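Data block below; observations after.
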Amino acid sequence: MFSPAVADGALGSLRISQVAAAAGLPVRTVRYYESLGLLKPTVQRSESSYRLFHPAVLGRLAFIRRCQSLGLSLKEIRQILQLYDRGEQPCPEIRQHLQEKLWQIEERMAELQTLKGQIESLLSDWRIPAEPTAQEDVICPILQKPEAGGDKVGRRYSTVTDLARLRG
């Protein structure tokens, strides 16, 4: 760790531009991560207010990027890093977050499979009507016919009338 007041150019410290270049990130991203507290123990201010980073920040940035590549949010990553900074083993927390991500992915895949089936069904029966529709509220009769699920959007109901029918 750094001492509270470090001299400019202290031995072993890196300026933000050096950190950004070494990590392959924009300087703005490094600043943002610092503002979120993700780089807390690896950064100090010099006497002239420059950010000076301990070289360990590069490993921390690599960890952040790896977690992001696995779908973890910066909020989740911050929670993990806070555990680590307190001297606790973060692996159980990481496992829990990754298990939740896996469940979310599986749920999303099931939703996408359903959507794929709906689109395939629509496309297989696609026939453009000879005449434009006379109904003002129908934009594309192929998409909006009830048997194609066109009266509903996903799990929501597309009109107030649909909701009124449900309520009785």
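Count residues from 1 along the sequence. Worth saying up front: this structure is predicted, and the values here are computed from it rather than measured.
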Interatomic distance, [X] atom [atom1] to [Y] atom [atom2] [nearest 0.5 angstrom]:
X	Y	atom1	atom2	result
Leu112	Ile105	CG	CD1	11.5 Å
Ile119	Lys116	CD1	NZ	10.0 Å
Gln96	Lys101	CD	NZ	11.5 Å
Leu14	Phe53	CG	CZ	9.0 Å

Qualifying residues under side-chain contact (heavy atoms from CB on, under 4.5 Å), relative to [X], sequence neighbours excluded:
X	result
Arg28	none
Ala21	none
Ser73	Lys75, Glu76
Arg86	Gln82, Leu83, Glu88

Apart from Trp103 itself, residues in the same hydrophobic cluster as defined by side-chain heavy atoms under 4.5 Å: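 Once heavy-atom contacts under 4.5 Å are chained together, Trp103 still belongs with nothing else.
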Shared-cluster residues of Leu102, by chain and number - hydrophobic side chains joined below 4.5 Å: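 Leu102 shares its hydrophobic cluster with no other residue.
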Which side-chain N or O atoms in residues 121-128 pair as donor and acceptor under 3.5 Å with protein atoms at least two apart or in another chain?
from: Ser124; atom 1: OG; to: Glu120; atom 2: O; distance (Å): 3.4
from: Ser124; atom 1: OG; to: Ser121; atom 2: O; distance (Å): 2.9
from: Arg127; atom 1: NH1; to: Asp125; atom 2: O; distance (Å): 3.2

Taking every non-hydrogen atom, the tightest pair across Pro26 and Ala20: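 Nearest pair, atom of Pro26 first, then Ala20: C-CB, 4.0 Å.
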Least distance between heavy atoms, Val27 atom then Ser17 atom: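 Closest approach of Val27 to Ser17: CG2-CA, 4.1 Å.
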Beyond-backbone contact of Leu58 with Thr42, side-chain heavy atoms, under 4.5 angstrom: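 A side-chain contact under 4.5 Å is absent here.
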Heavy-atom side-chain contact between Ile80 and Leu72 under 4.5 Å: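 A side-chain contact under 4.5 Å exists here.
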Side chain to side chain contact (heavy atoms under 4.5 Å, CB included) evaluation trace for Thr29 with Leu61: CA-CA 10 Å; Thr29 300; Leu61 287 168; over 6 Å; no
Pairs flagged by salt bridge (charged side-chain N to carboxylate O under 4.0 Å, His left out) wherever residues 59-68 is involved - sequence neighbours left out: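 Qualifying pairs: Arg60-Asp85.
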Side chain to side chain contact (heavy atoms under 4.5 Å, CB included) assessment of Val19 paired with Leu25: CA-CA 8 Å; Val19 170; Leu25 294 168; over 6 Å; no
Partner residues of Glu93 under the side-chain hydrogen bond (donor to acceptor under 3.5 Å, both in side chains) criterion, sequence neighbours left out: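 With neighbours one apart ignored, the set is His97.
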Full working for side chain to side chain contact (heavy atoms under 4.5 Å, CB included) between Arg15 and Leu52: CA-CA 5 Å; Arg15 288 199 176 168; Leu52 296 175; 4.0 Å; yes
Arg45 backbone acceptor or donor facing Ser49 side chain under 3.5 Å: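 No; judged by distance alone, with no hydrogens or angles, the pair does not exist.
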Counting only pairs under 3.5 Å, give me each side-chain donor-acceptor contact of residues 30-41, with atom names and distances, residues two or more places apart or in other chains.
from: Tyr33; atom 1: OH; to: Gln68; atom 2: OE1; distance (Å): 3.0
from: Glu34; atom 1: OE1; to: Arg51; atom 2: NE; distance (Å): 2.3
from: Ser35; atom 1: OG; to: Tyr32; atom 2: O; distance (Å): 2.7

Verify same cluster id: Tyr84, Leu98 (apolar side-chain graph, 4.5 Å):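 No, Tyr84 and Leu98 fall in different hydrophobic clusters.
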